[in-house]
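In listed order, ligands and their atoms are each counted from 1.
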Amino acid sequence: MDAYQAIELEQTYGAHNYQPMDVVLCRGEGVWVWDVAGNKYLDCLSAYSAVNQGHCHPRIMQAMIEQSRTLTLTSRAFRNDQLGLFYRDLCRLTNSHKVLPMNSGAEAVETAIKAVRKWGYVEKGVPEDEAEIIVCGNNFHGRTITIVGFSTNENSRKGFGPFTPGFKIIPFGDVAALEQVLTPNTVGFLVEPIQGEAGVIIPPDGYLKAVRNICQENKIVLILDEIQTGLGRTGKLLAEAHEEIEADLTLIGKALSGGFYPVSAVLSNQAVLGVLQPGDHGSTFGGNPLACAVSRMALKVLVEEGMIENAADMGAYFLDGLKQVKSQKIKEVRGKGLMIGVELDTKAGGARSYCEELMTRGLLCKETHDHIIRFAPPLVIDRETIDWALEQIEAVLK
Ligand SMILES: *Cc1c(COP(=O)(O)O)cnc(C)c1O
């Protein structure tokens with residue numbers, strides 16, 4: 001099938017809820033992907049950080065093939081022999097007490113909201129139906145009704161109301177705003193350590209530490225959405241480690257399966273997930289043996305193959321290289337590990353056209369908002385490939 005036919009089919013039969021770049025991919029390996037015409041590209045998006053381990057990682061592929069020959073789905077009506085191993089590995093690796101497995105990121109967010117609300121009623125004594133959860137402006141936590149209900153992005157919300165009540169929005173990175181908004185009914189604060197979709201927005205130094213203390217002092221559950229920042233992306237296993245804190249609930253997804261399969265999880269201390277009783281929550285596919293086997297291997301290769309350290313080293317190298325690109329079009333370059341944003345000057349005329357031009361040069365990336373280009377290649381990228389990417393970026397932004 002050629003690109004034209006593939007695009008035509010998508011346009012004809014699919015809902016148009018995305019505006020993809022017109023590159024039709026059919027193969028991937030490590031940091032590289034190929035289109036149907038055989039052109040090769042460096043993937044600098046990594047499926048929004050779901051393929052941190054690189055495309056089609058052979059060890060994860062092997063785990064997937066082997067488990068899919070054995071047992072794939074039982075539902076949680078019965079136990080399966082993979083789930084406990086997955087829990088154990090994940091808890092040991094992330095220093096957590098309990099895990100609740102789901103599928104997509106948005107489901108992990110919804111799960112956390114349910115658990116925190118119930119914790120508020122059972123453990124904190126908040127009157128029924130009055131729990132409040134604080135979130136930040138410009139957040140991205142997914143696409144369900146509840147989640148878009150507390151988005152500040154008009155495009156995400158418009159036409160989808162009425163929304164779930166019980167959320168308050170404060171500016172990101174603003175400690176004083178958090179202190180001011182708290183009430184006795186506040187049960188949780190949900191925040192991204194670095195806002196990815198908002199354009200790689202890094203909060204001031206010490207923000208997470210301060211937030212951690214405020215939550216502690218006021219008996220509020222700190223929920224970190226590490227669905228994008230987690231699993232090595234920022235050069236640490238979890239981004240919370242940059243400020244040496246531990247959230248009460250941590251949400252992970254995306255790279256949890258290395259891009260093979262939708263797997264997400266809520267990680268928690270005993271208290272919060274401990275309030276859930278049989279029947280309170282569930283998912284047909286959550287915790288299935290195929291997901292568990294794939295996920296365990298995805299975590300194993302991340303650690304054993306040094307991908308987290310590589311993200312720190314290569315991220316610093318890439319960021320430094322981008323900072324040296326001399327261009328009037330660049331307003332700011334920022335990032336942590338391999339989560340990098342290049343903010344263009346308003347006079348540069350929007351990021352999309354530069355992404356299109358980079359595509360013709362064999363580098364795939366995506367604008368976020370109108371004027372920011374995000375660079376987030378798989379964590380297995382090497383120096384030579386970054387040098388090549390920098391040449392392309394420099395040429396396009398000159
Ligand atoms: C991608 C993402 C989500 C949603 O994950 P889905 O799997 O698309 O539902 C939530 N939070 C953050 C920070 C994300 O990047």
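- A 6.0 Å sphere centred on CZ of Phe260 holds more than 12 heavy atoms belonging to other residues, nucleotides or ligands.
- Annotation: Glu192 places no N or O atom under 3.5 Å from an N or O atom of ligand 1; distance criterion only.
- Protein non-hydrogen atoms do reach within 4.0 Å of atom 6 (P) of ligand 1.
- Under the 30°/60° scheme for interplanar angles, the aromatic rings of Tyr207 and Phe189 are found to stand perpendicular.
- The heavy atom nearest to atom 15 (O) of ligand 1, considering only Glu107, Glu226, Arg143, Lys254, is found in Lys254.
- Salt bridge annotation for Lys168-Glu132: present, with a cationic side-chain nitrogen under 4.0 angstrom from a carboxylate oxygen.
- Considering backbone and side-chain atoms alike, Ala106 places an N or O below 3.5 Å from some N or O of ligand 1.
- Counting heavy atoms only, Asp225 comes closest to atom 12 (C) of ligand 1 of the residues Asp225, Leu251, Leu190, Val263.
- At a heavy-atom distance under 4.0 Å, no atom of Tyr48 approaches ligand 1.
- Of the polar atoms of Glu197, none of the N or O atoms is found under 3.5 Å from an N or O of ligand 1, judged by distance alone.
- For Val109, no nitrogen or oxygen atom sits less than 3.5 Å from a nitrogen or oxygen atom of ligand 1, counting backbone and side chain alike.
- Counting non-hydrogen atoms of neighbouring residues, nucleotides and ligands closer than 6.0 angstrom, the CD atom of Glu29 reaches no more than 12 such neighbours.
- A salt bridge links Arg352 with Glu356: at least one charged nitrogen is closer than 4.0 Å to a carboxylate oxygen.
- Leu344 places none of its side-chain heavy atoms less than 4.5 Å from the side chain of Glu367.
- Taking the charged nitrogens against the carboxylate oxygens, Lys366 and Asp43 have no contact shorter than 4.0 Å, which rules out a salt bridge.
- The contact set between ligand 1 and Ile227, taken as ligand atoms under 4.0 Å from a residue heavy atom, comprises 2 (C), 3 (C), 10 (C), 11 (N), 12 (C), 14 (C).
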